[in-house]
Number of protein chains: 2
Amino acid sequence: METAITKSLKAGGKKLTKARKAILAVLEGNTLPVTVAEVHAGLVKARVGVDLVTVYRNLAMLQELGLVNAVGFHEGQMRYEVVHGRAHHHHIQCRSCGKIVDLMLCPLKKLTKLIEEQTRFSVDGHALEFFGWCPQCR
Amino acid sequence: METAITKSLKAGGKKLTKARKAILAVLEGNTLPVTVAEVHAGLVKARVGVDLVTVYRNLAMLQELGLVNAVGFHEGQMRYEVVHGRAHHHHIQCRSCGKIVDLMLCPLKKLTKLIEEQTRFSVDGHALEFFGWCPQCR
DNA sequence: CTCTTACTTGCAGACCGTTTGCATTTACCA
DNA sequence: TGGTAAATGCAAACGGTCTGCAAGTAAGAG
């Protein structure tokens, strides 16, 4: 099967290994961004023997190919989510229980041009996360 | 001298120690957010003997009192900046050289209410950082 | 189909930012 | 000035992430 993802892998000179398939399957089974440990736990549960290091290496690779997004909530670890087929969006995390919810919005498109004029940087991305208390914890 | 900061410390039951004064002095000498290691290096340069652990503990404490802001660029470490007297703002960092520039803007005030309606979270903060290439690196 | 080679993986261990425990020191108030 | 809670330094642990290297494997060439 030639999915968009396998196509990108091939284009990047990457092989479609058993580990890679399993990691992608775990990622695609989660709507919300997951930690490396969570991906690894998902592999264990699926009875796929893949080393934690391999998960790190593959997530880094998938991120470089633009197939996966890294999201950080200043938890001391990163989270990852698949990009394919999803609109650009952001998240909110509960300060109490850590729950994460998708926010299908982004107010920053217009701002980029303004920032480029002000700073003379060429802007190519942004990180935006919200924090608060979820209905259960507030 | 009774500055706004010393007042806040006293209100929090905190003592104004030599280490604390020195740490605050380093922070106030920097407009841009600095790492813990940079604060510590600043103390060494100022010939003030303060342990790295003490820097960590004080920055955490200052953050809890709301005197200091934590900023993360997904570098594997946090950065800190003093809040006092500065307007709420964000930053952009160069992906190549790591240079950081202040952005004296925030487009998110209106959005908060919308998010609260959509998610039923009570929103109490956000992290917004931009990335790109600075004039020297682009 | 098998050969070949570049890409991948697992394992062990290093690395680095951050945190903790505990004994000692210090700021501050009565 | 003396007593006490808070703060510090040191050593050591911790957790997430990365690296080196030898062994394993996907995938195109023939």
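What you see is a predicted model; the values in this text were computed from it and never measured. Letters A, B, ... are given to chains in the order of the sequence lines, protein chains preceding strands, and every chain is numbered from 1.
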Measure [atom1]/[X] against [atom2]/[N] and give the value in whole Å, please.
X       : N      : atom1 : atom2 : value
A/Gln63 : D/dT17 : CD    : C1'   : 13 Å
B/Met61 : C/dT19 : CE    : C1'   : 17 Å
A/Leu65 : C/dC7  : CG    : C1'   : 13 Å
A/Met78 : D/dG15 : CE    : P     : 18 Å
A/His74 : C/dT19 : NE2   : P     : 14 Å
A/Leu52 : C/dT9  : CG    : C1'   : 13 Å
A/Asp51 : D/dA23 : CG    : C1'   : 14 Å
B/Asn58 : C/dT19 : CG    : P     : 13 Å

Examine [N]: is either OP1 or OP2 under 4.0 Å from a nitrogen or oxygen in the side chain of [X]? Give yes or no.
X       : N      : answer
A/Arg57 : C/dT8  : no
B/Thr17 : D/dT8  : yes
A/Tyr56 : D/dT17 : yes

_Non-hydrogen side-chain atoms of B/Val39 and B/Tyr80 separated by less than 4.5 Å_ = no
*Which comes earlier along DNA chain C counting from the 5' end, the contact point of B/Lys18 or that of A/Val55, where each point is its nearest nucleotide?*
A/Val55
*How many angstroms lie between NE2 in B/His40 and OH in B/Tyr56, if you round to the nearest 0.5 Å?*
10.0 Å
_Residue whose nearest DNA chain D nucleotide is more 5′ - B/Arg20 or B/Val53_ = B/Arg20
*Which one of A/His88, A/Arg86, A/Glu81 satisfies the side chain to side chain contact (heavy atoms under 4.5 Å, CB included) criterion with A/Asn69?*
A/Glu81
*Other than A/Val44, what residues sit in its cluster of Ile, Leu, Val, Met, Phe, Trp and Tyr side chains whose heavy atoms are under 4.5 Å apart, directly or through others?*
none
*If you look only at pairs with a residue in residues 91-112 of chain A, which of them pass as a ring-ring contact (aromatic ring centres under 6.0 Å, His included), with sequence neighbours excluded?*
A/His89-A/His91
Kindly point out which of [options] is positioned nearest to the side chain of [X]?
X       : options               : value
B/Thr54 : D/dT17, D/dT8, C/dA12 : D/dT8
A/Gln77 : D/dT8, D/dC10, D/dT17 : D/dT17
B/Lys15 : D/dA27, D/dA7, D/dT17 : D/dA7

